[in-house]
Each structure stands twice: as structure tokens, then as C-alpha cells.
Amino acid sequence: MNVIQGVAELRDALRGQDRIAFVPTMGSLHAGHLALMHKARAHGAPVVASIFVNPLQFGANEDFDRYPRTLQDDIAALRAQNVVDILFAPTVPEMYPEPQGFRVQPPDGLGNILEGEVRPGFFGGVATVVLKLLSCVQPRVAVFGKKDYQQWLVVRAMCRQFALPTEIVACETTREPDGLAMSSRNRYLDAGERAEAPRLYRELAALRERIHAGARDFPSLEAQAANALAAAGWQPEYVAIRRQADLARPGDEDAPLVALAAARLGTTRLIDNVEI
Ligand code: PAF
């Protein structure tokens, strides 16, 4: 695996390749990321991964400074897996050599509900860096995790609307044996919080069961799940049952659906979702 920091060097290394498969990440890699990379390997070659903690997608009061940065461990893990050919790990000045005045503005609706409402500016920052990474790597395929469901939909819509030649492929969420979705932010949890954390998935899975059993009062189902989290000491930000295609509120007959949640456990913000 070749580790590259510079955009010009990356372009040189990729010149002439037309089947590149790409996995963008912010590092602090776990088995969920590795699953994305294995999926990329099945879709193209060479496989390029990026590690870049993107300042544009963090709000002023968010965890940009404390976001885990474990580049040497990440490189060792990738070398052990032997699944990535080129790791692009630019510095902030390499990605943003001048203030990033041109930005992608995600649309109202998908861009400013749920995560976009709680984290204003988040999807603008994500879409801008993803567009820029796609421009640097020029992949045929890019792989995104369904763990960040709304991010996947935003990126897919951006590529469609800008007619980018990259196919966006989604990868199922990788979970710990107790159900907790793998996330770099799980590192923030202390032992007690880690034991409590799978409740988020359990509540979403319970919602799925109730809907499969015929329940259709979505606001009340959402409130029940949020209350259960709050009763267990969480601070829920949202629990939402939405249409898979566009995350709009469903009517009684709409399907397929997805239940999404974001909640704080102590100082850690966790998100998860289940398709229904
Ligand atoms: O999901 C992530 O890790 C990031 O949001 C991404 C897609 C790498 C953009 O910075």
C-alpha cells in the first residue's frame, strides 16, 4: 500500500486508471471501515481509501479537536488487511490551500432535516469535501456506509444532480456482537456507557418489529422510543420513521421505511438506523 499526502502525487499514481474504487474516511478505522474497503475491492481496482478529518463538516461546538486521529495504527491495519492499494492522507493545508469559498449547498429537504437540522452546515461540509475528494481520485465507484444513512443519500443525490461519473455503492452497517453500530466515536464511551450504548439499536429494532406487526401511528412510535432512551439516561435528539428514498415523512401506505435516531449518551453523540 502506497501512502500519499499530495494531490499532484495522487494524480500521478492514478493516471490511466479507469476502474478505481474509492472509500473516503476520517480514519480511526474499525471493522466497519474495513467492510467498506472489501466491498470496494469487489467493485473495482485499484482500491483507494482516504483518511482526512474534514474541518468543514464540524460545527464550532463539535468534536473536531478531539476527533480520534490514529494514522499510524490505521496504516498498520490497512497493511495487515492488504485490501487498499493507495491511501490518500492529505493534511488540511493540502486539501484547503486557500479558504474554501466555493461550497456545495445541499438542497432543502434532504439537506436540512434530521442530521442537517441538528448539525447545521454538516452536509454542506461533507458534500464539499466529498466532491473535492472525488475530483482528486476520479473513481468509477465510491463506497459509503449505511450507518450514515442520510449522508449516503445526500452524496448519492449530489453525484446524480452534478452528473458525476462515480457510482455510489452502499454498504450495510457493521455491528458489534451486542448490536452497537461500529463508529469511531464509540471510543469516547466509558465502560458504563459502552454497556448501555446498544440500547439505541435495540429501540430501533423494536420499532421495526412494531411496524412489521402492523403499527402505523408513527409519531407515537417515535415518541415511545425517544422516551425509552430518555428514561435510560440518554438525551435523544431525534427518533424518526421516514421513507427510505428521500427521508420524507411517510404516509400510511408508504414503504420501504427507515427508522433513524440520534442521541447523546454522556458527552458522546451516537447515531444509528434500521431499514424496515
Ligand atoms: O463518513 C465520513 O467519515 C465522512 O463524513 C466522509 C464521508 C469521509 C467525509 O468527510
Side-chain angles (χ1 to χ4, degrees), residues 4-5 7 10 20-37 39-40 47-59 62-71 73-74 77-78 84 86-96 100 103-106 110-111 114-116 118-137 139 141-159 162 164 166-174 181-188 260 262 268-273:
I4 295 181
Q5 271 205 336
V7 175
L10 179 72
I20 300 166
F22 176 48
V23 183
T25 82
M26 298 204 300
S28 183
L29 301 180
H30 49 67
H33 291 114
L34 298 177
L36 305 182
M37 292 167 193
K39 184 136 199 158
V47 174
V48 179
S50 65
I51 292 181
F52 179 63
V53 184
N54 171 36
L56 253 49
Q57 70 190 69
F58 288 81
E62 294 186 346
D63 57 346
F64 177 70
D65 289 332
R66 77 162 177 152
Y67 197 86
R69 289 162 173 86
T70 57
L71 185 60
D73 290 350
D74 291 347
L78 291 176
V84 168
I86 293 180
L87 174 65
F88 179 46
T91 59
V92 172
E94 183 69 32
M95 273 308 271
Y96 300 120
Q100 186 69 31
R103 304 229 180 165
V104 179
Q105 170 75 55
L110 190 55
L114 304 173
E115 286 301 286
V118 182
R119 305 181 67 188
F122 172 64
F123 286 124
V126 167
T128 300
V129 80
V130 169
L131 181 64
K132 196 156 182 173
L133 288 166
L134 293 177
S135 165
C136 295
V137 177
V141 166
V143 183
F144 286 79
K146 286 192 186 178
K147 156 84 174 16
D148 297 296
Y149 206 87
Q150 192 175 359
Q151 169 174 279
W152 162 48
L153 297 185
V154 165
V155 167
R156 199 178 63 176
M158 174 181 79
C159 289
F162 283 132
L164 300 184
T166 301
E167 180 193 346
I168 302 301
V169 168
C171 186
E172 296 303 323
T173 301
T174 306
M182 289 197 186
S183 163
S184 303
R185 291 189 169 97
N186 293 349
R187 288 176 191 243
Y188 299 151
L260 312 105
T268 305
R269 184 172 187 277
L270 298 177
I271 64 170
D272 202 352
N273 64 81

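When a ligand or atom number is given, it counts from 1 through the structure's own listing order. None of these values were measured; they are calculated from a predicted model. Because only heavy atoms are used, hydrogens play no part in the values below, and waters and symmetry mates are left out as well, while side chains stay in.
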Where ligand 1 meets Val129 - atom numbers and elements under 4.0 angstrom, heavy-atom basis: 9 (C), 10 (O)
For atom 10 (O) of ligand 1, the protein heavy atom that lies nearest, with its residue and separation: Gln57 OE1, 2.6 Å
Glu172 and Lys39 ion-paired at < 4.0 Å: no
Asn54 and Tyr96: side chain donor to acceptor below 3.5 Å: yes
With Glu62 via salt bridge (Lys or Arg N to Asp or Glu O under 4.0 Å) - residues at least two apart: Arg119
Thr25, portion touching ligand 1 at heavy-atom distance under 4.0 Å: backbone
Which residues share a salt bridge (Lys or Arg N to Asp or Glu O under 4.0 Å) with Arg103, sequence neighbours left out: none
Enumerated ligand 1 atoms positioned under 4.0 Å from heavy atoms of Gln151: 1 (O), 2 (C), 4 (C), 5 (O), 7 (C)
